[in-house]
Amino acid sequence: MLIKTTIEIPSSEVTPKSLYLNRRSFLTALPPAFLGAHELLSPTARANAAVKFGDLIKSPLSTTEKQNSFKDVSTYNNFYEFGTSKEQPAQLAKNFKTSPWVVSVEGEVAKPRKFSVDELLKLAPLEERIYRHRCVEAWSIVVPWIGYSLSALLKKVEPTSKAKFVYFETYYDLKEMPEAKNAGIPLPYVEGLRLDEAMHPLALLTMGMYGESLPPQDGAPVRLIVPWKYGFKSIKSLVKIRLVSSQPLNTWNASNSKEYGFYSNVNPQVDHPRWTQANERRLGELRRRPTLMFNGYADQVASLYSGMDLKKNF
Ligand SMILES: Nc1nc2c(c(=O)[nH]1)N[C@H]1C(S)=C(S)[C@@H](COP(=O)(O)O)O[C@H]1N2
Ligand SMILES: [Mo]
């Protein structure tokens, strides 16, 4: 017989969100010697304790739609390195060590260099951007992300005239991600954007959500959010950004090119071979809602694709 001796209830579930945040930011601000709470004594627990961000710029690029809850966004995830079910990443990424962390920005740039997360956090003013985010599996969420335009980072390294695309790579280590052997996709997880897509102000280098640093299951410590594209383009836990001259492979296209393309723009008129893309289910809602062209960002991004056949370039 299996006897459970401890039951873990996230403090976010037993305490109102505002108190929870204050309590955590207060505790993480104290030097380790002052920490009394047992969950904060283990190094991994402390490494992953959320840090609260102050002084966020409210972005004019935000949607005014109702936001999903922190719980929705942190317990229903796609992060195949930590399991292929929606519930696994929140459990299996708990002790994923996301500090210290370095992101290398390299390739066709005049000034390649490595950035620590602290350096990334100081590179540009942090904004809160409330975005619609739609998974290719036809669920969607609305999330207050925290970060700044990826273009701010790319400009720092000065892309050369040969740079036409950007390649992104996720951290990968089977020792820390044992479930990754069952992922069924090639790893490390890689993604790509055309340079003009990557430079578009909507493309967000993301370090937080809901006022604090990202939970591991949502791609800590730094990920991409590309709100007009299907969710798999929004690569998590980045370690490499490489400017390149030709179109890079992306994981889902490499794994099944009939179902997943390079562009992956949200498009209600181009169905996935196994299901319609004309509508979607917002997490927490029952009735399906129509999917919008470019996920509702057509006014801003449609010009990137003028003259392109979006059925061919799906
Ligand atoms: N490294 C990595 N990044 C990833 C994935 C993944 O499995 N591994 N899943 C993608 C998919 S399919 C989606 S829908 C989003 C989900 O982000 P969220 O869990 O923060 O909602 O992450 C994307 N980024
Ligand atoms: Mo997705």
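When a ligand or atom number is given, it counts from 1 through the structure's own listing order.
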Polar side chain donor-acceptor pair, R129 to S62, under 3.5 angstrom: no
Donor on one side chain, acceptor on other, H272 and E259, under 3.5 Å: yes
S255: partners by side chain to side chain contact (heavy atoms under 4.5 Å, CB included), with sequence neighbours left out: I185, P186, W252
Sequence-distant partners of E169, side chain to side chain contact (heavy atoms under 4.5 Å, CB included), two or more places apart: Y167, P188, V190, K240
Identify the protein atoms, limited to N or O, that lie within less than 3.5 Å of an N or O atom of ligand 1, and list each pair with its distance to 0.1 Å.
unit_1   : atom_1 : unit_2 : atom_2 : d
ligand 1 : 1 (N)  : E81    : OE2    : 2.9
ligand 1 : 1 (N)  : T170   : OG1    : 2.9
ligand 1 : 3 (N)  : K236   : N      : 3.2
ligand 1 : 7 (O)  : Y80    : N      : 2.8
ligand 1 : 8 (N)  : E81    : OE1    : 2.9
ligand 1 : 9 (N)  : N78    : O      : 3.2
ligand 1 : 17 (O) : R223   : NH2    : 3.1
ligand 1 : 17 (O) : K236   : NZ     : 3.4
ligand 1 : 19 (O) : N77    : ND2    : 2.8
ligand 1 : 19 (O) : K236   : NZ     : 2.6
ligand 1 : 20 (O) : D218   : OD1    : 2.7
ligand 1 : 20 (O) : R223   : NH1    : 2.6
ligand 1 : 22 (O) : R223   : NH2    : 3.4
ligand 1 : 24 (N) : S234   : O      : 2.9

List, one per line, each side-chain donor-acceptor pair under 3.5 Å for residues 301-308, sequence neighbours excluded.
unit_1 : atom_1 : unit_2 : atom_2 : d
Y305   : OH     : E197   : OE2    : 2.5
Y305   : OH     : W228   : NE1    : 2.9
Y305   : OH     : K229   : NZ     : 3.4
Y305   : OH     : N265   : OD1    : 3.4
S306   : OG     : S303   : O      : 3.4

Exam field: side chain T170 to backbone K236, donor-acceptor pair closer than 3.5 Å: yes
